[in-house]
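What follows is a single structure, written as structure tokens, with notes after it.
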Amino acid sequence: MQRLGRRLALGLVLLAAGAAAFVYLRWVYREQRFNQLIEEVAARQGADKFLIKAVMRQESGFDPFAYSSRDAIGLMQVTEPAGWDWAQATQRRDFSRDLLWDPRVNIEAGTWYLQRALRRWADRPFEERIPFALAEYNAGYGNVQRWLPQGKATTAAEFQSAITYPGVRRYIEKITGYYRDYQERGTL
């Protein structure tokens, strides 16, 4: 009986180790499977590939089928109105909400939207623009305007302190952390 118990325990340990390895390898595959697409879109739009990947990680965990309760779709959680803005700006005439399920379209639209937000703060160094752009990506430009106690002269630190939605503050912190991790690694 004791021998059976040991074998059963060993079997459970091996099963747990195998399951952990499977989960890890699945995450690695999931995280890296869109790298080439991110590189292409980033190069075409003049975007920071590490920032795109950091946003994607937070928004969907690299799940192209992610769908939020606020009707945001796909890898970068693009809403239909944001998709229409992108389609109009890029003169894409065949746009429909369903196109946002296509990973390429989703990354292109999400990157365009993020780049538009970053350009609003072009008078600042790139790193300082990121919190403003991420807040806009997550909560909209109207909210960003409300969180500027010094108007356009508001620093990134003052801005983050003025954000009244704790979820937006955490969102910015998580993405900037992921962004720094990708930068330090030097690869997607």
Side-chain angles (χ1 to χ4, degrees), residues 15-87 95-118 126-127 129-141 143-144 160 163 165-188:
L15 184 64
F22 174 77
V23 168
Y24 172 76
L25 292 172
R26 183 171 176 243
W27 172 256
V28 168
Y29 168 74
R30 191 176 197 173
E31 183 178 7
Q32 294 176 358
R33 96 184 225 212
F34 297 104
N35 285 356
Q36 183 177 350
L37 198 49
I38 293 168
E39 298 249 10
E40 290 172 22
V41 172
R44 194 172 330 105
Q45 293 192 30
D48 185 311
K49 63 186 180 184
F50 300 122
L51 186 57
I52 294 169
K53 187 159 184 176
V55 168
M56 192 182 297
R57 180 175 178 178
Q58 178 61 34
E59 288 289 349
S60 68
F62 307 107
D63 180 0
F65 304 109
Y67 185 76
S68 79
S69 60
R70 296 187 180 197
D71 297 327
I73 295 171
L75 291 163
M76 293 192 71
Q77 291 293 279
V78 179
T79 62
E80 185 176 4
W84 280 109
D85 287 348
W86 163 76
F95 180 76
S96 71
R97 178 181 177 276
D98 289 342
L99 273 179
L100 292 173
W101 291 109
D102 179 307
R104 177 176 295 280
V105 170
N106 195 280
I107 294 170
E108 287 177 1
T111 300
W112 173 85
Y113 195 84
L114 183 61
Q115 287 294 97
R116 183 179 74 172
L118 286 164
F126 184 75
E127 296 284 329
R129 292 189 245 168
I130 292 174
F132 298 97
L134 292 176
E136 180 177 336
Y137 195 92
N138 184 254
Y141 184 64
N143 283 317
V144 169
Q160 285 183 266
I163 295 173
Y165 300 161
V168 174
R169 238 182 278 120
R170 282 190 305 273
Y171 176 87
I172 293 169
E173 290 167 3
K174 282 184 176 183
I175 292 176
T176 54
Y178 298 149
Y179 175 63
R180 286 187 191 108
D181 289 346
Y182 292 132
Q183 278 186 313
E184 287 172 12
R185 256 187 359 203
T187 61
L188 292 177

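In terms of heavy-atom proximity, K49 sits nearest to I38 at O-CG2, 3.7 Å. For V168 against A139, the heavy-atom pair with the smallest separation is CG2-CB, 3.8 Å. Here the shortest heavy-atom pairing between L100 and A109 reads CD2-CB, 4.4 Å. Counting all heavy atoms, side chain and backbone alike, P131 lies closest to I172 at O-CD1, 3.6 Å. Between G74 and S60, the shortest heavy-atom distance links the atoms O-CB, 3.5 Å. Summarising the geometry of A133 relative to L118, their closest heavy-atom pair is CB-CD2, 3.5 Å, with the distance given to 0.1 Å.
The shortest distance between side-chain heavy atoms of L134 and L114 falls below 4.5 Å. Side-chain contact between D48 and F126: present, with at least one pair of heavy atoms (C-beta onward) separated by less than 4.5 Å. With contacts defined as side-chain heavy-atom distances shorter than 4.5 Å, the pair P103/R33 does not qualify.
No donor-acceptor distance shorter than 3.5 angstrom exists from the side chain of R57 to the backbone of I175, with no hydrogens or angles considered. At distances below 3.5 Å, not a single donor-acceptor pair connects side-chain atoms of R180 with backbone N or O atoms of Q183. N106 places a side-chain N or O within donor-acceptor distance of the main-chain N or O of I73, the cut-off being under 3.5 Å.
Residue L75 is tested with I52, I107, L37 for a side-chain contact (heavy atoms from CB on, under 4.5 Å); the sole match is I107.
Residue pairs satisfying the salt bridge (Lys or Arg N to Asp or Glu O under 4.0 Å) criterion with at least one member in residues 60-70, sequence neighbours excluded, are listed as follows: R30-D63.
With values rounded to the nearest 0.5 angstrom, E59 atom CD is found 6.5 Å from N138 atom CG. The OH atom of Y179 sits 11.5 Å away from atom CD of E184, with the distance rounded to the nearest 0.5 Å. For the atom pair CZ of R185 and CZ of F50, the computed distance is 8.5 Å after rounding to the nearest 0.5 Å. Rounded to the nearest 0.5 angstrom, Y178 OH and M56 CE are separated by 14.0 Å.
Q77 and Y137 are not linked by any side-chain donor-acceptor pair at a separation below 3.5 angstrom, with hydrogens and angles left out of the test.
Under the side-chain contact (heavy atoms from CB on, under 4.5 Å) criterion, Q45 pairs with V41, E108, T111, W112, Q115, not counting sequence neighbours. Residues meeting the salt bridge (Lys or Arg N to Asp or Glu O under 4.0 Å) test with E173, sequence neighbours left out: none.
By the 6.0 Å and 45° rule, K53 does not stack over the aromatic ring of F34.
Aromatic ring centres of F95 and W84: separated by under 6.0 Å.
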